[in-house]
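Have a look at the structure below before the remarks.
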Number of protein chains: 2
Amino acid sequence: MPPKSRTLKLHPKDNIVIALADLAAGSECTADGPNALQSVKQGHKIAIAPIAAGQNVLRYGQIIGQAKSDIAPGEHVHVHNLGMGDHSQDYAFASEAKNLDPITEGRTFDGFHRADGRVGTRNYLGILTSVNCSGSVAKFIAEAAEKNGFLDEFPNIDGIVPITHGTGCGMSGENEGYATLMRTLAGYAQHPNFGGILLIGLGCEVMQVSALVGDHPIRADGALRYMTIQHEGGTRKTIEKGLSELRGIAELANTATRKPAPVSELMVGMQCGGSDGYSGITANPALGAASDLLVRHGGTTILSETSEIYGAEHLLTRRAVSERVGEKLIERVRWWEDYTARNKGEMDNNPSPGNKRGGLTTILEKSLGAVAKSGSAPLTEVYLFGEKVDTKGFVFMDSPGFDPCSVTGQIASGSNLIVFTTGRGSVSGYMPTPCIKVATNSEMYNRMSEDMDVNCGDIISDDISLESKGRDIFELFIRIASGEKTKSEELGFGGVEFVPWQIGAVM
Amino acid sequence: MPPKSRTLKLHPKDNIVIALADLAAGSECTADGPNALQSVKQGHKIAIAPIAAGQNVLRYGQIIGQAKSDIAPGEHVHVHNLGMGDHSQDYAFASEAKNLDPITEGRTFDGFHRADGRVGTRNYLGILTSVNCSGSVAKFIAEAAEKNGFLDEFPNIDGIVPITHGTGCGMSGENEGYATLMRTLAGYAQHPNFGGILLIGLGCEVMQVSALVGDHPIRADGALRYMTIQHEGGTRKTIEKGLSELRGIAELANTATRKPAPVSELMVGMQCGGSDGYSGITANPALGAASDLLVRHGGTTILSETSEIYGAEHLLTRRAVSERVGEKLIERVRWWEDYTARNKGEMDNNPSPGNKRGGLTTILEKSLGAVAKSGSAPLTEVYLFGEKVDTKGFVFMDSPGFDPCSVTGQIASGSNLIVFTTGRGSVSGYMPTPCIKVATNSEMYNRMSEDMDVNCGDIISDDISLESKGRDIFELFIRIASGEKTKSEELGFGGVEFVPWQIGAVM
Ligand SMILES: [Ca+2]
Ligand SMILES: [Ca+2]
Ligand SMILES: [Ca+2]
Ligand SMILES: [Ca+2]
Ligand SMILES: [Ca+2]
């Protein structure tokens, strides 16, 4: 059965459509629109309305550039007739922040209500580590607990999760790399998907357990214990005492059970990895529709990956709720320009020759493929990597594009769900937060269906609308949040994917 | 029983001794030497010969500075009468490179002889990963193999070691960070302690499996297979095929058995972590004696941790066998000055106020505490992080001081033994290479004896000579290399300590 539709209009306001297959000249573009004036390759754009020279070209309802000459309906739109003016000062802060209509259906999910008011979607015990040097001992404690049937007594606990990493020492104790790691570890220690935390240090590391724990209870429920290997007198003694500390924590964590919570308590970290030519036209805009739905229900969605939205920051500043929020985003972009320059690189998200062959014309258009995940909701706040997100609505958290690192920041910030679009097929999972995998194309979905939770390939093959797919994803948010397992949870992922952002020299 | 000696002379050429306890004025410094002219605190220096103003003060037989005024025997030597002239151009390349007398006893260890001529001290199967995103699958394959008794058929194989990490993507594909990771992964893939390698990638990462494997066999024995999760069609299929590939590798690896090899085939990575006031007077110089012994037997020892030898590079350039080798070291030091500066830090290894209270006077003296591990052998070559070491004798490999990162480089360079001095008590282990832990003091050794292989505290408490302790360590090298397990191997360490040096921006 051939595809029902051979082009895709990504937003009602768009004045172009995307060819879903190589089209011959004269092909019909849309049922009620023009025919193609030239042959157009798959993934390329065709005008569906007259666009005068200088007028904006819209994709996802967003500006991707301006016509360099008059463009007729049916005409191929690409580098020959679409350009981008210098817009570097044109932030137009808050000019396009339009609130979405709230939905007041009172939808709920079944979650774990925590003492700090947040709601978890899982109830794990975490064994957190301040430094690589205590990572093995954290794993030994988890293994010993598993071997002795520790959790049999605690049926409400989902599992024991050692969180290990490759840093925590060989670093300055006062720069932004240290502050970033501190935020990340604190965010995990307080995460609502943990019913309790055992924190293990070595003892002599730069990232001191005492600095992490601070003067006041880091968890409102008191379900945190800590110890260092050097203080306890070595590996075996730490394992022994760790098991006994874990029992105290487990008794607290086991009192939690799933109870209804408004979906406004969902905080969804949005991510893409292993993108392909379909990411920007299927999975990402479908996720954007789901994001808008969750925002309309009062929930929170987080966009990140600063290096991959570079070039589209001017469109996010327009969606910012205030000049202050827009300026915070620009400040992160400037920080990134410095970060890459001092590391002898540069921010470069321009379409590559391959991108251009695939139909992407401008840096705005390319970056919008990533931004499409965020739908059309106003941008309510901008956060640092791993900073606690305390605002509802659509927010931005600064991070690299590198998947495990970006997701680590989103979880540290409080995400109790992750949704991850992928074209090539990324398979990772991220404890303690479930990760929903959304395939951009049916070929990969069919080949890797054991790892994928959602297929967006049928947006093309079966003419499923982005809105309908967005509703499906939103409903899956609720089911997964209520305890249904994702594919990556069923497979047991999450043991190595905690990757704090290491900024600065390793000393 | 009080200590037999209350001072320590670290080298026959030294003109100072170290107080091993707080000494009152009039205390005897050495059996045949002067009495203390003032009271002197533990860890501080006392002259045992007249030192004229401007004359060199020697510790470890090495210059740590010049007398600022005439110093009498028995006088306290510290910041008031010891300084350091500007020596920044005074590299005196190769001026003090004196070959040690070779020892031709024909000592051997029992090791695994590999097709490339190197000799392993262990015979593991490695499951190597190009990127964080394939780490969980590597672990799943190892777990599945363990569960089904895979190794029962292969009695000569020591175990299956998944090597996972937090990088491999979100990076440039052409800078020195990429080249460093490539060397590190290639070094592990070829390591003689692996009888065979299964290499797993995701598929879409920057660090491509195909680039790593290259055009020619990366292992002379052909015991390497590779696959990507995306090509195989997901997690379960990769585990299934991985187990079958592992069988082919195991059949090759299982043909290896331990056979005598000259100790000149030992390559020992030397490391210190969690240093204390005793590191520079007990464990490090004792290891220096062991290093000299191994070098005299034709073997190789590797000093690293560039940030911790900073300030003593002028002494290493003197020990360099040639101006070329000395200049390679200085080139690395200059690189580090730039690396830390561009990361908004600085190289600063100067004695802190605490160091000074403990008796350390100059940056040379402090850095020499770390360099003391290398004894007095000439410096035969300088290598990049993870670069294959192909020279005998004492060599330097550039690395951070951060233990797991530095050891990762030393193993990638080919170390088939690691020896790690520690004052505070570091407990980690580093697959696939056994790691010998050497305690600097008896208090920590007694408290953490289940983790420590050697106690150097008795150098002070029982007047054991550095030479005698060095011989003990050398003999332990041979036993561990021949199959005796270290404490950290018995405890099962090594699952999280692979930490490639991440240089540059995470993108
Ligand atoms: Ca709440
Ligand atoms: Ca991406
Ligand atoms: Ca990503
Ligand atoms: Ca050190
Ligand atoms: Ca170290």
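Chain letters run A, B, ... following the sequence lines, proteins first and then strands; every chain starts at 1. Side-chain atoms are counted along with the backbone in the values below, which use heavy atoms only and exclude waters and symmetry mates.
Side chain of Asp451(A) to main chain of Gly234(B): no donor-acceptor pair is present (N/O by atom type, distance under 3.5 Å, no hydrogens or angles). In this structure, the side chain of Arg342(A) does not engage the main chain of Ala505(B) through any donor-acceptor pair within 3.5 Å.
Interface remark: Asn349(A) contributes no atoms to any contact with chain B (heavy atom separation under 4.5 Å). Heavy atoms closer than 4.5 Å to chain B are found in both the backbone and the side chain of Gln230(A). Residue Lys344(A) touches chain B through its side chain alone, counting heavy-atom pairs closer than 4.5 Å. Using a 4.5 Å cut-off between heavy atoms, Asp348(B) does not touch chain A at all. Proximity to chain B (any heavy atom under 4.5 Å) is restricted, for Glu346(A), to the backbone atoms N, CA, C and O.
Chain B forms the most heavy-atom pairs under 4.5 Å with one residue out of Ser307(A), Gly495(A), Gly233(A), and that residue is Gly233(A). Ranking Gly494(B), Gly492(B), Cys405(B) against chain A, the residue ahead of the rest is Gly492(B), based on heavy-atom pairs under 4.5 Å. Most heavy-atom pairs under 4.5 Å with chain B: of the set Val131(A), Val137(A), Thr235(A), this distinction falls to Thr235(A). The residue among Ser449(B), Gly135(B), Cys169(B) with the most heavy atom pairs within less than 4.5 Å of chain A is Cys169(B). When Ser134(A), Gly168(A), Gly425(A), Ser399(A) are compared by the number of non-hydrogen pairs under 4.5 Å with chain B, Gly425(A) comes out ahead. Here Phe402(A) is the residue among Tyr339(A), Phe402(A), Phe140(A) with the most heavy-atom pairs under 4.5 Å with chain B. Highest contact tally toward chain B, considering only Leu491(A), Ile239(A), Asn446(A), is held by Leu491(A) [criterion: heavy-atom pairs under 4.5 Å]. Across Val506(B), Thr164(B), Val427(B), Val499(B), the residue that shares the most heavy-atom pairs under 4.5 angstrom with chain A is Val506(B). Comparing Met347(B), Met171(B), Arg424(B), Arg447(B) by heavy-atom pairs within less than 4.5 Å of chain A, the highest count is held by Arg424(B). Considering only heavy-atom pairs separated by less than 4.5 Å from chain A, the leading option among Pro400(B), Ala341(B), Gly170(B) is Pro400(B).
Counting non-hydrogen atoms of neighbouring residues, nucleotides and ligands closer than 6.0 angstrom, the OH atom of Tyr430(A) exceeds 12 such neighbours. Dense packing is recorded around CZ of Phe493(B), with more than 12 heavy atoms of other residues, nucleotides or ligands lying under 6.0 Å away. For Glu337(A), the CD atom is densely surrounded, since the number of other residues' heavy atoms within 6.0 Å is greater than 12. Heavy-atom neighbours of Glu146(B) CD from other residues, nucleotides or ligands within 6.0 Å: at or below the threshold of 12.
To the nearest 0.5 Å, atom CG of residue Asn343(B) and atom CG of residue Asn343(A) are 5.5 Å apart. Rounding to the nearest 0.5 angstrom, the gap separating the OG1 atom in Thr340(A) from the CE atom in Met507(B) is 6.0 Å. Expressed to the nearest 0.5 Å, how far CG of Asn132(A) lies from OG of Ser428(B) amounts to 6.0 Å. Expressed to the nearest 0.5 Å, how far NZ of Lys237(B) lies from CE of Met448(A) amounts to 8.5 Å.
Considering all non-hydrogen atoms of both residues, Gly274(A) and Cys204(B) come closest at CA-SG, 3.7 Å. In plain terms, the two heavy atoms of Glu497(B) and Ser136(A) that are nearest each other are OE2-OG, 2.8 Å. Closest approach of Leu202(B) and Ser426(A) over heavy atoms only: CD2-OG, 3.9 Å.
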